[in-house]
Asker: 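There's a structure below that I have some questions on.
It should be emphasised that the depicted structure is a prediction, and the values quoted were computed from it without experimental measurement.
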Amino acid sequence: QVQLVESGGGSVQAGGSLRLTCAASEYTYSVNYMGWFRQAPGKKREGIAAIYTGQGTTYYADSVKGRFTISQDNARNTVYLQMNSLKPEDTAMYYCAASFSNVRGDRALVPIEYHYWGQGTQVTVSS
């Protein structure tokens, strides 16, 4: 069982930055992907960034490409999401998730491929 705890959310003005952190209780070599997802009220959960833990390959949704960066630490038990140039439409609850699936990269941002989820951290961007 992998427990995930997100932190780093908050309120920021448009154009600002935040860094989210996801701490995993264990980060075994069975975890193939770590991902960040978000869900705004009334909307579906959206995959925005993922990292293939073995090779460090990263994947991004078009909506955040060039603004957000996912990374993992050397010990591979923490994943970060650096968010720059934030926009009001980035306002959502942000979730970290872990996947044991060995899928193609085009599935890396699909929520059903993930097995463990954190409780989420709120990000609010004001205009």
Asker: Of all the heavy-atom pairs spanning C96 and M34, show the shortest one and how long it is.
Answerer: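 Distance-wise, the nearest heavy atoms are SG-CE, 3.6 Å.
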Asker: Between Q72 and T53, is there a side-chain heavy-atom distance shorter than 4.5 Å?
Answerer: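 The answer is yes; the side chains approach within 4.5 Å.
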Asker: Tell me every residue that passes salt bridge (charged side-chain N to carboxylate O under 4.0 Å, His left out) with K87, counting only those two or more places apart in sequence or in another chain.
Answerer: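 For K87 there are no salt bridge (charged side-chain N to carboxylate O under 4.0 Å, His left out) partners, ignoring immediate neighbours.
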Asker: For residues T121 and L20, determine if any side-chain heavy atom of one lies less than 4.5 Å from a side-chain heavy atom of the other.
Answerer: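 Touching, per the 4.5 Å side-chain cut-off.
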Asker: Please give me the minimum heavy-atom distance between A24 and L4, naming the atom from each residue.
Answerer: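 Heavy atoms of A24 and L4 come nearest at CB-CD2, 3.7 Å.
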Asker: Test V79 against D73 for side-chain contact (heavy atoms from CB on, under 4.5 Å), laying out the working first.
Answerer: CA-CA 7 Å; V79 175; D73 73 356; over 6 Å; no
Asker: Does any pair with a residue in residues 41-58 pass salt bridge (charged side-chain N to carboxylate O under 4.0 Å, His left out), and if so which ones, sequence neighbours excluded?
Answerer: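 Listed by first then second residue: R38-E46.
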Asker: According to ring-ring contact (aromatic ring centres under 6.0 Å, His included), who are the partners of Y52, at least two apart in sequence or on a separate chain?
Answerer: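 ring-ring contact (aromatic ring centres under 6.0 Å, His included) check on Y52 returns Y33.
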Asker: Just grab all the ring pair (Phe, Tyr, Trp, His ring centres under 6.0 Å) pairs involving residues 77-97, residues at least two apart or on different chains.
Answerer: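 Pairs touching residues 77-97 that pass the test: none.
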Asker: Is a side-chain N or O of S25 found less than 3.5 angstrom from the main chain of Q3, in a donor-acceptor match?
Answerer: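 Between the backbone of Q3 and the side chain of S25 there is a qualifying donor-acceptor contact (under 3.5 Å).
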Asker: Flag yes if W36 and L109 sit in one hydrophobic cluster, no otherwise; membership is Ile, Leu, Val, Met, Phe, Trp, Tyr, and two members link when side-chain heavy atoms are under 4.5 Å apart.
Answerer: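 No, W36 does not connect to L109 through the hydrophobic network.
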Asker: Measuring from atom CD of Q82 to atom CZ of R67, what distance do you get when rounded to the nearest 0.5 angstrom?
Answerer: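 Nearest 0.5 Å value for the CD-CZ distance: 12.0 Å.
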Asker: Determine which pairs satisfy disulfide (SG to SG under 2.5 Å) with at least one residue from residues 34-65, sequence neighbours left out, and list them in order.
Answerer: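 Every candidate disulfide (SG to SG under 2.5 Å) pair involving residues 34-65 fails, so no pair, neighbours aside, qualifies.
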Asker: Would you mind listing every disulfide (SG to SG under 2.5 Å) that reaches into residues 34-73, with sequence neighbours excluded?
Answerer: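 Every candidate disulfide (SG to SG under 2.5 Å) pair involving residues 34-73 fails, so no pair, neighbours aside, qualifies.
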Asker: Could you work out, with side-chain contact (heavy atoms from CB on, under 4.5 Å) as the rule, every residue matching T58, not counting sequence neighbours?
Answerer: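 Here the qualifying residues are I51, Y60, I70.
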Asker: So do D90 and M83 actually touch side chain to side chain, heavy atoms under 4.5 Å?
Answerer: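 A side-chain contact under 4.5 Å is absent here.
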Asker: Is any side-chain heavy atom of V123 closer than 4.5 Å to a side-chain heavy atom of T91?
Answerer: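 Answer no - side chains too far apart.
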Asker: With sequence neighbours excluded, what pairs up with A14 under the side-chain contact (heavy atoms from CB on, under 4.5 Å) test?
Answerer: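 With sequence neighbours excluded, A14 shows a side-chain contact (heavy atoms from CB on, under 4.5 Å) to P88, V125, given in chain and number order.
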Asker: side-chain contact (heavy atoms from CB on, under 4.5 Å), that's the test. Do L18 and L86 meet it? Break it down for me.
Answerer: CA-CA 8 Å; L18 286 172; L86 283 161; 4.1 Å; yes
Asker: For the backbone of S101 and the side chain of S99, can you confirm whether one donor and one acceptor N or O come within less than 3.5 Å of each other?
Answerer: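 Checking the backbone N and O of S101 against the side chain of S99, a donor-acceptor pair under 3.5 Å is found.
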Asker: Would you mind listing every ring pair (Phe, Tyr, Trp, His ring centres under 6.0 Å) that reaches into residues 104-127, with sequence neighbours excluded?
Answerer: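 Those involving residues 104-127 are F37-Y114, F37-W117, F100-H115, F100-Y116.
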Asker: Which salt bridge (charged side-chain N to carboxylate O under 4.0 Å, His left out) pairs, counting each pair once, include a residue from residues 112-127, with sequence neighbours left out?
Answerer: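 Qualifying pairs, neighbours excluded: R107-E113.
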Asker: Show the nearest heavy-atom pair for residues Y59 and G105, with the distance to one decimal.
Answerer: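 Smallest interatomic distance, heavy atoms only, reads CE2-CA, 3.5 Å.
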Asker: With sequence neighbours left out, which residue pairs that include part of residues 12-22 fulfil the side-chain hydrogen bond (donor to acceptor under 3.5 Å, both in side chains) condition?
Answerer: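 Sorted result for residues 12-22: S17-N84.
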Asker: Surrounding CD of Q119 (heavy atoms of other residues, nucleotides or ligands, distance under 6.0 Å), is the total greater than 12?
Answerer: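 It does not: Q119 CD has 12 such atoms or fewer within range.
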